[in-house]
> 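Quick one: this structure, given as structure tokens, is what I'll be asking you about.
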Amino acid sequence: MKLIRVGPIGHEKPALLRSDVTFVVISDLTRDVDGSFLERLNVADLCTVVASRLADGQERSLEGRRIGAPIACPH
């Protein structure tokens with residue numbers, strides 16, 4: 001899995017890339033992939049959430065969607 005941001009410029013939503021063509025949105029867990037999120041990131045918990053979402057069929061296609069910079073406002 002890779003952290004990504006998907007959507008139009010300035011309106012990207014945080015997500016996890018599952019394959020070259022699919023992703024899972026995590027915007028309910030964090031407003032953005034930024035320093036604050038990365039500081040409190042617990043990979044094991046994130047994997048559990050993603051597994052649950054995959055089981056619920058929440059995986060989305062990247063087709064026709066823009067992938068933004070993976071981290072918002074890197075400093």
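Everything numeric in this text was worked out from a predicted model, so none of it was measured.
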> Report yes if the side chains of Leu29 and Leu46 come closer than 4.5 Å at any heavy-atom pair, otherwise no.
yes

> Shared ILVMFWY cluster between Leu54 and Val49, side chains joined below 4.5 angstrom?
yes

> Identify the heavy atoms of Val25 and Ala15 that sit nearest to each other, and give their distance.
CA-CB, 4.0 Å

> Just jot down the side chain to side chain donor-acceptor pair (under 3.5 Å) partners of Asp28, sequence neighbours excluded, or say none.
Arg53

> Just so I know, are the side chains of Val24 and Arg18 near enough to count as touching, which here means a heavy-atom distance under 4.5 Å?
yes

> Would you say that more than 12 heavy atoms from the other residues, nucleotides or ligands in this model lie under 6.0 Å from the CZ of Arg65, or not?
yes

> Any chance you could measure Asp32, atom CG, to Ser27, atom OG, to the nearest 0.5 Å?
10.0 Å

> Decide side chain to side chain contact (heavy atoms under 4.5 Å, CB included) for Phe23 and Val50; before the verdict, give the C-alpha distance in whole Å, the side-chain angles of both, and the deciding distance to 0.1 Å.
CA-CA 10 Å; Phe23 69 97; Val50 170; over 6 Å; no

> Looking at residues at least two apart in the chain, or sitting in another chain, which of them share a side chain to side chain donor-acceptor pair (under 3.5 Å) with Thr48?
none

> Only counting residues at least two apart or in another chain, list the ones meeting side chain to side chain donor-acceptor pair (under 3.5 Å) with Arg66.
Glu12

> Do Ile26 and Ile67 belong to the same hydrophobic cluster, where Ile, Leu, Val, Met, Phe, Trp and Tyr are linked whenever their side-chain heavy atoms lie under 4.5 Å apart, directly or via other members?
no

> Can you name the residues that form a salt bridge (charged side-chain N to carboxylate O under 4.0 Å, His left out) with Asp34, not counting sequence neighbours?
none

> With Leu3, which of Leu16, Leu17, Thr30, Ile71 fulfils side-chain contact (heavy atoms from CB on, under 4.5 Å)?
Leu16

> Is there a side chain to side chain contact (heavy atoms under 4.5 Å, CB included) between Glu59 and Thr22 once you walk through the steps?
CA-CA 6 Å; Glu59 193 168 26; Thr22 61; 2.7 Å; yes

> Cluster partners of Ile9, using ILVMFWY side-chain heavy atoms under 4.5 angstrom, listed by chain and number?
none

> Just to verify, what does Ser61 make a side chain to side chain donor-acceptor pair (under 3.5 Å) with, not counting sequence neighbours?
none

> Is Val6 linked to Leu38 within one hydrophobic cluster, defined over Ile, Leu, Val, Met, Phe, Trp and Tyr using a side-chain heavy-atom separation of less than 4.5 Å?
no

> Any non-hydrogen side-chain atom of Val43 less than 4.5 Å from a side-chain atom of Asp45?
no

> Between the side chain of Arg5 and the main-chain N/O of Ala69, is any donor-acceptor distance below 3.5 Å?
yes

